[in-house]
A.B. asks: 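Would you mind keeping the following structure in view while I ask a few things?
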Amino acid sequence: MKSFVLTGIKSMELREVPAPEIKSSDDVLLKIAAVGVCGSDIHYYNDGKIGSQVVKYPFAVGHECAGIVEAVGSGVRGLAPGTLVAIEPAMSCRQCDQCRSGRPHTCRRLRFLGCPGQAEGCLSEYIVMPQECCFPIKLTAEQGALSEPLAIGLYAARKALPLKGANIAILGCGPIGLSVMLCARVMGAGRIFVTDPIPERLQVAAKNGADRSGNPETQDIVADIAAQKPLLLDAVFECCGKQSAVDQAIELIKPGGKLLLVGIPETDRVSMLIDKTRRKEISVLNVRRQCECLHSTLALMSSGMLNADFMITHRFRFEQTREAFELVAGYADGVVKAMIDFAV
Amino acid sequence: MDIQKLFAERIGGATFGLTEQLYKFEKIKRAKAAARQEHPGVELLDFGVGEPDQMAPVQIRRALKKAVDDPANRGYADNGLKEFKVAAAKYLQDFFGVTGINPDTEINHSIGSKPALAILPLCFVNPGDVALVTVPGYPVLATHTKYLGGQVVKVPLRLENGYLPDLKSIDPEIAKRAKIFYVNYPNNPTGAAATERFFDELIAFALENNILIVQDAAYATLVYREKPISILGRPGGKEAAVELHSMSKSYNMTGWRLGFVAGSEKAVKAYAEVKDNVDSGQFKAIQIAACAGIADKSMSDKITRHYQGRLKKMVKCLRSVGFKAEMPGGTFYLYVPAPKGAGGVEFDSAEAAADHLIRKHLVSTVPWDDVSPSLRFSATFESSGAKDDERVVAELQARLTQAGLRF
């Protein structure tokens with residue numbers, strides 16, 4: 001089969017590789033239908049690593065995907081060939097202390113699709129996943145792929161509860177920031193402020209649910225939001241992984257409020273102005289991907305309460321994957337979500 | 001084994017049971033016991049009771065006896081009998097003019113209103129979520145909201161606003177955050193009855209702020225000036241509210257434990273979902289017996305007349321000794337500003353006044369100090385019949401006169 005693999009820093013090739021096979025009775029062989037390009041894929045593309053996770057080339061990344069069931073293992077029930085499924089990219093062991101305490105996303109033996117040293121990604125024609133990672137959908141394949149970042153948004157929003165009437169800010173409105181925004185809106189958030197240095201992204205956010213947007217490179221967003229909400233905000237979602245955004249968040253959060261660190265930092269360390277963080281008794285919460293939110297996300301999408309189709313700004317064929325990565329890596333052409341459609 | 005270290009924080013954690021805090025009704029109970037001991041042989045006039053003085057109507061009791069012997073009724077009732085749901089829908093139509101209630105999806109029974117008020121927060125309250133509750137009032141929904149880590153915001157009921165909440169006084173930021181708004185009309189303890197205009201304003205407020213109204217209608221049929229009304233009969237009511245009806249007061253069935261939740265289909269569905277994980281339904285025979293009651297308005301009318309007659313006598317009596325008493329719009333309660341003193345004694349609270357009346361004059365009332373010091377006299381006092389009612393009220397008048405109350 002064909003697979004797009006990283007071969008070096010900012011280098012990727014379409015190669016012929018052996019197709020994966022069903023090895024376990026609960027395995028499902030999937031023909032990939034759509035893959036969303038995620039910011040973390042770009043980290044691996046640009047830097048060859050995220051923190052301690054270092055790529056050994058060649059390696060296929062990609063984890064936001066939907067696929068069609070091609071064949072199933074002997075123990076798989078209720079998943080007929082031809083079924084379109086959204087894919088949970090986290091394969092947890094279901095045995096360790098984390099899994100047993102309801103935290104499969106921090107499983108001690110986690111294997112995550114497209115994560116170096118864990119599992120090859122989905123930028124291939126076929127992948128094999130355990131049945132529990134396959135969620136049949138009556139959505140499009142693109143929507144199935146979008147459900148992964150949306151689930152992260154839902155998880156982050158759930159960690160910020162209570163949200164009804166809560167005034168919040170989302171610093172960074174790429175796909176993850178927008179996912180948080182949409183989910184916070186579903187959960188009844190009051191005023192939603194968004195910031196991003198890319199004007200097109202601010203426009204997309206404003207059009208799809210943000211109450212006010214600001215560009216941190218051209219305006220004092222802290223002063224602007226504080227003028228709107230003098231008592232400051234209940235929660236701030238840092239969704240860009242930048243030190244400056246963390247600093248702004250500390251200023252913007254009201255005493256007793258929450259800071260949710262969702263973005264992947266560009267650096268190994270992030271600092272906080274401890275005097276303010278401590279005096280305001282800000283709760284700092286790290287958001288690690290998502291935990292068992294995919295099912296709820298798909299239900300919200302199916303009901304129409306969560307519609308993120310607008311996020312797909314660019315579409316590519318599988319063969320054009322490198323172009324998609326270059327576009328996203330360069331934040332070019334107002335890209336929000338680049339989607340790779342295998343069927344096209 | 002050290003159970004003391006196991007208690008949940010919601011009931012005090014490791015300090016549970018270690019504090020000597022006495023709650024109002026326990027204090028009343030102790031004061032009654034002390035008064036009886038100090039004045040043996042003197043009748044205690046108990047105007048503090050919050051439950052009917054009479055038995056359920058004979059027709060309901062007969063229906064129960066028959067239903068008990070029917071083997072079909074022996075098992076779990078789960079989320080209720082279809083017959084009771086249908087009867088409840090008809091009751092809403094016949095008694096309150098509410099049309100279009102789907103008994104299958106918009107009604108579910110409860111084992112009395114109290115557990116329903118405990119279950120509803122489980123359906124809606126996440127830690128930190130806001131519930132608006134009127135005070136003074138029945139505290140169960142607020143208690144469970146707090147158990148769940150929710151925030152209870154009290155909305156005072158004041159005489160100058162007819163004991164209806166002043167919706168304009170609610171902070172808009174709080175309103176936006178609120179998920180449920182507990183109201184109770186006809187109201188315990190104030191006796192106020194809701195008006196259609198008030199319900200309309202409340203529904204508009206709820207729709208504007210996306211808040212579910214939980215209208216506790218436990219005293220729904222006990223109204224004296226206007227015809228009984230339901231919030232579900234008002235435009236938007238079914239969308240914005242659930243209403244809790246009870247057999248306890250309207251049909252003298254307090255100990256039987258039966259009521260129902262009606263209204264917003266989604267809210268009723270959530271209630272049924274949680275309820276199904278809390279209890280297995282009320283005994284079917286009780287549900288069948290209640291059907292006999294709620295089908296017959298004459299039974300509840302008779303009960304309403306019973307309290308109306310007593311309340312009129314009590315109003316006259318209390319006025320004669322200086323209370324600012326008015327015939328209530330509903331319930332069996334007479335809620336009056338508490339006296340400031342009696343003889344040479346000053347009262348710093350309604351609780352002090354109530355304590356004095358029990359200990360010195362063997363007159364039991366329920367004090368409320370939440371908003372303004374007030375006493376609740378209940379028309380559920382014990383007597384041997386209508387003629388004896390006169391005697392009890394005359395005795396109340398004599399004792400209160402002797403007390404030398406100052407206002």
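Atoms considered below: every heavy atom in the structure, side chains included; atoms not considered: hydrogens, waters and symmetry mates. Being a predicted model, the structure only gives us computed values, none of them experimental.
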A.B. asks: Between chain A and chain B, which donor-acceptor pairs sit under 3.5 Å apart?
C.D. replies:
residue: Glu173(B); atom: OE1; partner: Asn167(A); partner atom: ND2; Å: 3.4
residue: Glu173(B); atom: OE2; partner: Lys229(A); partner atom: NZ; Å: 3.2
residue: Lys176(B); atom: O; partner: Lys164(A); partner atom: NZ; Å: 2.8
residue: Arg177(B); atom: NH1; partner: Asp234(A); partner atom: OD1; Å: 3.0
residue: Arg177(B); atom: NH1; partner: Asp234(A); partner atom: OD2; Å: 3.4
residue: Arg177(B); atom: NH2; partner: Asp234(A); partner atom: OD1; Å: 3.4
residue: Arg177(B); atom: NH2; partner: Asp234(A); partner atom: OD2; Å: 2.8
residue: Ala178(B); atom: O; partner: Lys164(A); partner atom: NZ; Å: 2.5
residue: Asn209(B); atom: O; partner: Lys164(A); partner atom: NZ; Å: 2.8
residue: Asn210(B); atom: O; partner: Lys164(A); partner atom: NZ; Å: 3.3

A.B. asks: Using the test ring-ring contact (aromatic ring centres under 6.0 Å, His included), find all partners of Phe112(A) that sit at least two apart in sequence or belong to another chain.
C.D. replies: His63(A)
A.B. asks: Taking only residues two or more places apart in sequence, or in another chain, which ones meet Phe124(B) in a ring-ring contact (aromatic ring centres under 6.0 Å, His included)?
C.D. replies: none
A.B. asks: Among all residues two or more places apart in sequence or in another chain, which pass the ring-ring contact (aromatic ring centres under 6.0 Å, His included) test with Phe237(A)?
C.D. replies: none
